[in-house]
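Everything on this sheet refers to the single structure shown next.
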Amino acid sequence: MTVERIFDEIGHFKRFQACLYFAAIFQAIACGIHYLASVFLVDTPNFVCGVPGNITDALYYNLTGHSLEDILPVFKGGTGPLVVKTTDGEQWELSQCHHALRINPKGFSYDFLGNKTVKACDGNFVFDHTEIQQSIVTDWDLVCERQWLAKLCQPTFMLGVLIGALVFGDIADRVGRVRILIFTSLCQFGFGVAVAFSTNFHFFVVLRFLLAMVSSGYLVVVFVYVTEFTGIKVRTWTSMHVHAAFAVGVMVVALTGYLVRVWWIYQIILSLCTSPFLLFCWTFPETPFYLIAKGRYKDAQTLLEAIARFNGLECKLKVEELLEPEESKNGRALLKQEAEEERPSQSKKKLSILDLFGSWRMAGRTCTVWAIWFIGSLGYYVFSLGSVNLGGNQYINLFIAGAVELPAYMLGCFAMDRIGRKRTCAPSLLLAGVACMLIIVVPADIEVLAIVLSMVGKFAIAIAFGLIYLYTCELYPTIIRSLAVGSGSMMCRVGSVVAPFCVYLADVWVYLPQLIVGILAFIVGVLTLLLPETLGTPLTNTLEEAEALGRKPSRNKDGLEMNYHEAKA
């Protein structure tokens with residue numbers, strides 16, 4: 001197959017491809033939005049147990065006030081209680097999950113040595129609305145014994161991401177890329193708005209799960225789509241910068257969260273951000289690769305001619321020419337004969353995941369690649385989700401966490417082209433590990449330095465996470481390339497499911513998430529140095545394999561055989 005010759009005729013990235021590319025990745029912004037939206041949807045403000053009756057005075061150590069609203073902004077759970085007096089003369093000591101009634105107090109002071117009657121809150125909570133006017137936590141009292149429900153939101157979303165990638169990646173190969181892009185875009189908008197009108201927590205989780213599936217489905221298929229419209233010369237850049245659109249979505253979440261403090265309004269605005277895409281996505285053409293693979297040669301020829309006209313070129317290439325082996329001009333007869341000869345041999349051996357472990361060298365390579373996928377996803381989401389807990393302004397932190405990805409992908413593309421994939425990936429992972437370790441040793445009162453180190457870690461992990469998509473394709477021969485990418489992307493999604501739980505470990509020790517990510521990133525970075533370097537396109541064997549075959553390393557322009565069924569999910 002010489003399908004790559006298409007781009008020599010219609011251009012590798014001219015006007016048509018540029019317009020289609022930026023339109024397609026525009027909707028990828030919505031994926032970044034919905035993946036990180038829960039950062040503020042489930043934000044828990046300061047809160048204490050409520051008391052029966054009206055409050056006249058409040059004490060918190062040496063601070064005094066006449067209402068809970070005066071004290072709550074500075075109240076810290078896990079410290080001493082907040083003491084209040086009611087109009088009935090009762091005195092209560094309030095904590096986050098319990099309140100205690102003082103028995104026969106002699107005066108109103110903070111310290112009390114007498115007897116108390118301790119009671120559970122029973123759903124009677126008072127929340128601080130200074131920063132957050134309304135979240136699902138305040139609406140449905142997802143605190144204390146129900147706190148685990150709020151923490152379950154992001155892991156269930158990531159589980160939907162995993163399932164959606166598997167489902168829609170497979171369907172896209174059967175029914176076409178465009179149909180899935182349109183369907184998932186419509187569903188992202190519909191489910192996104194529907195989440196805002198959830199009447200209870202269970203509906204909220206179910207709708208978010210469905211939203212995760214379609215968001216993941218779009219992100220998976222858009223990688224395939226933009227790759228099959230761009231040539232080898234720009235494929236590294238176009239595939240990497242789909243991630244940049246995702247990062248813009250993270251920035252939109254931070255900006256919207258800062259401006260809107262009511263969760264259902266916030267959710268509606270986020271869902272509307274990319275709604276203009278729905279007006280023109282139905283005009284998207286199917287990819288020429290898919291049309292040719294399905295035998296729709298007339299449609300493919302019409303599409304190629306239309307692209308060439310839009311690019312100001314003349315398309316002299318005929319689709320029939322792409323079906324001829326390059327070394328022979330005997331045409332379809334030879335192609336048919338080869339197909340008939342190959343079919344029996346292919347049917348005898350069905351490839352399985354065990355083929356990724358066919359030799360010790362291949363097994364070591366597979367384990368290392370899987371580890372990169374896992375730590376890339378784990379680190380990416382730990383840095384993103386944990387950015388709001390670094391101190392300072394949580395909205396600014398998340399915005400910067402998204403913004404640092406943009407130069408990361410630019411630098412990653414330059415480095416990949418100039419020093420190679422391995423020499424870019426390994427130092428990035430090592431830098432992320434070092435940044436995590438430095439965060440641990442930085443004094444807790446220097447918040448700015450902790451934030452800077454966290455952003456350095458996010459910058460580094462974004463480079464490794466972005467390039468592993470292409471690197472995996474390049475490391476494996478054609479016959480097991482799809483298996484390698486598919487299994488690697490599964491490890492990626494396992495990392496994304498584990499990431500929220502890793503962030504929650506900060507409740508055990510504030511630096512435990514950074515310690516886990518730092519150790520894993522450093523180990524995997526060292527292992528990456530053992531991988532072979534590649535030639536720079538997903539269609540080429542590694543240098544090591546090329547030399548073993550006695551061939552001079554060169555850029556392969558065979559047909560596009562890669563399967564980008566992977567995404568940031």
Side-chain angles (χ1 to χ4, degrees), residues 32 235-244 246-247 250 365 367-387 400-440 451-475 485 488-489 491-492 495-496 499 502 513-536 538 542 566-568:
R235 194 165 289 142
T236 298
W237 286 80
T238 54
S239 63
M240 281 283 280
H241 283 81
V242 174
H243 299 288
F246 188 96
V250 177
R365 179 179 304 180
C367 291
T368 302
V369 169
W370 281 4
I372 298 172
W373 279 93
F374 178 82
I375 189 58
S377 179
L378 178 67
Y380 181 91
Y381 287 108
V382 166
F383 281 119
S384 297
L385 297 172
S387 63
I400 297 175
V404 296
E405 292 186 52
L406 303 182
Y409 298 133
M410 293 286 290
L411 179 62
C413 287
F414 279 114
M416 288 165 68
D417 288 340
R418 284 160 177 75
I419 65 175
R421 273 59 164 152
K422 180 177 74 172
R423 294 186 183 91
T424 303
C425 186
S428 298
L429 291 170
L430 293 173
L431 177 59
V434 171
C436 287
M437 296 306 176
L438 290 177
I439 291 173
I440 297 174
I451 293 171
V452 170
L453 289 172
S454 179
M455 297 310 159
V456 169
K458 177 67 182 297
F459 177 91
I461 209 74
I463 294 176
F465 193 29
L467 70 83
I468 190 58
Y469 293 82
L470 286 175
Y471 193 26
T472 303
C473 288
E474 298 170 7
L475 281 172
V485 175
S489 63
M491 295 303 298
C492 162
S496 65
C502 187
Q514 286 81 5
L515 179 64
I516 293 172
V517 173
I519 292 175
L520 292 177
F522 196 86
I523 293 173
V524 176
V526 173
L527 292 176
T528 303
L529 294 172
L530 302 178
L531 291 175
E533 188 53 89
T534 58
L535 297 177
T542 62
E566 79 281 329
K568 196 181 305 296

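From a predicted model like this one, the values you see are computed outputs, not experimental measurements. Note that the numbering runs from 1 along the sequence shown for the chain. Scope of the values below: all heavy atoms of this structure, side chains included, with no hydrogens, waters or symmetry mates.
- Between the OG1 atom in Thr528 and the CG atom in Leu430 there is a gap of 7.5 Å [rounded to 0.5 Å].
- Considering CG of Leu431 and CG of Leu438, their distance stands at 9.5 Å, rounded to 0.5 Å.
- The minimum heavy-atom distance between Gly402 and Ala247, with the atom names listed, is O-CB, 3.5 Å.
- In this structure, OG1 on Thr472 lies 9.0 Å from CG on Leu467, to the nearest 0.5 angstrom.
- Of all heavy-atom pairs spanning Ser428 and Ile463, the tightest one is OG-CG2, 3.3 Å.
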Legend entry - Audit row: Ser454, Gln514, side chain to side chain contact (heavy atoms under 4.5 Å, CB included) steps and yes/no: CA-CA 9 Å; Ser454 179; Gln514 286 81 5; 5.8 Å; no
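- The number of heavy-atom neighbours closer than 6.0 Å to CZ of Phe374, taken from other residues, nucleotides and ligands shown, is above 12.
- Phe383 and Lys458 get closest at one heavy-atom pair: CB-CD, 3.7 Å.
- Met437 has its side chain within reach of Leu515: a pair of non-hydrogen atoms, C-beta onward, lies under 4.5 Å apart.
- Using a distance-only test at 3.5 Å, with no hydrogens or angles considered, a donor-acceptor pair links the side chain of Lys422 to the main chain of Leu531.
- Ala408 and Ala462 get closest at one heavy-atom pair: CB-CB, 4.1 Å.
- Looking at Ser377, its side chain does come within 3.5 Å of a backbone N or O of Cys492 through a donor-acceptor pair.
- In this structure, CG in Leu520 is found 13.0 Å from CD1 in Ile372, a value given to the nearest 0.5 Å.
- Once rounded to the nearest 0.5 Å, the distance linking CG of Leu453 with CD1 of Ile439 reads 5.5 Å.
- Contact annotation: the side chain of Arg365 approaches that of Pro532 to within less than 4.5 Å [non-hydrogen atoms, C-beta and beyond].
- Side-chain contact check for Met240 versus Met410: every heavy-atom pair is 4.5 Å or farther apart.
- Classified by interplanar angle (parallel below 30°, tilted 30° to 60°, perpendicular above 60°), the ring pair Phe465/His243 is tilted.
- By the 4.5 Å heavy-atom criterion applied to side chains, Phe522 and Leu429 are not counted as neighbours.
- The two atoms that bring Leu406 and Ala244 nearest to each other are CD2-O, 3.7 Å, heavy atoms only.
- In this structure, Ser387 OG and Tyr381 OH are separated by 13.0 Å, a value rounded to the nearest 0.5 Å.
- At least one side-chain heavy atom of Glu405 sits under 4.5 Å from a side-chain heavy atom of Tyr380.
- Counting heavy atoms from C-beta on, the side chains of Asp417 and Trp237 come closer than 4.5 Å.
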Inset, instruction - Please report the C-alpha distance between Val369 and Leu475 in whole Å, then the side-chain angles of each, then the deciding distance to 0.1 Å, and finally whether the side chain to side chain contact (heavy atoms under 4.5 Å, CB included) criterion is met. - result: CA-CA 9 Å; Val369 169; Leu475 281 172; 3.7 Å; yes
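- Residue Ala432 comes nearest to Ile461 through the heavy atom pair CB-CD1, 4.0 Å, listed as atom of the first residue, atom of the second, then distance.
- Contact annotation: the side chain of Val250 never approaches that of Ser384 to less than 4.5 Å [non-hydrogen atoms, C-beta and beyond].
- The main-chain N or O of Gly412 is never found under 3.5 Å from a side-chain atom of Thr424 such that the two would form a donor-acceptor pair.
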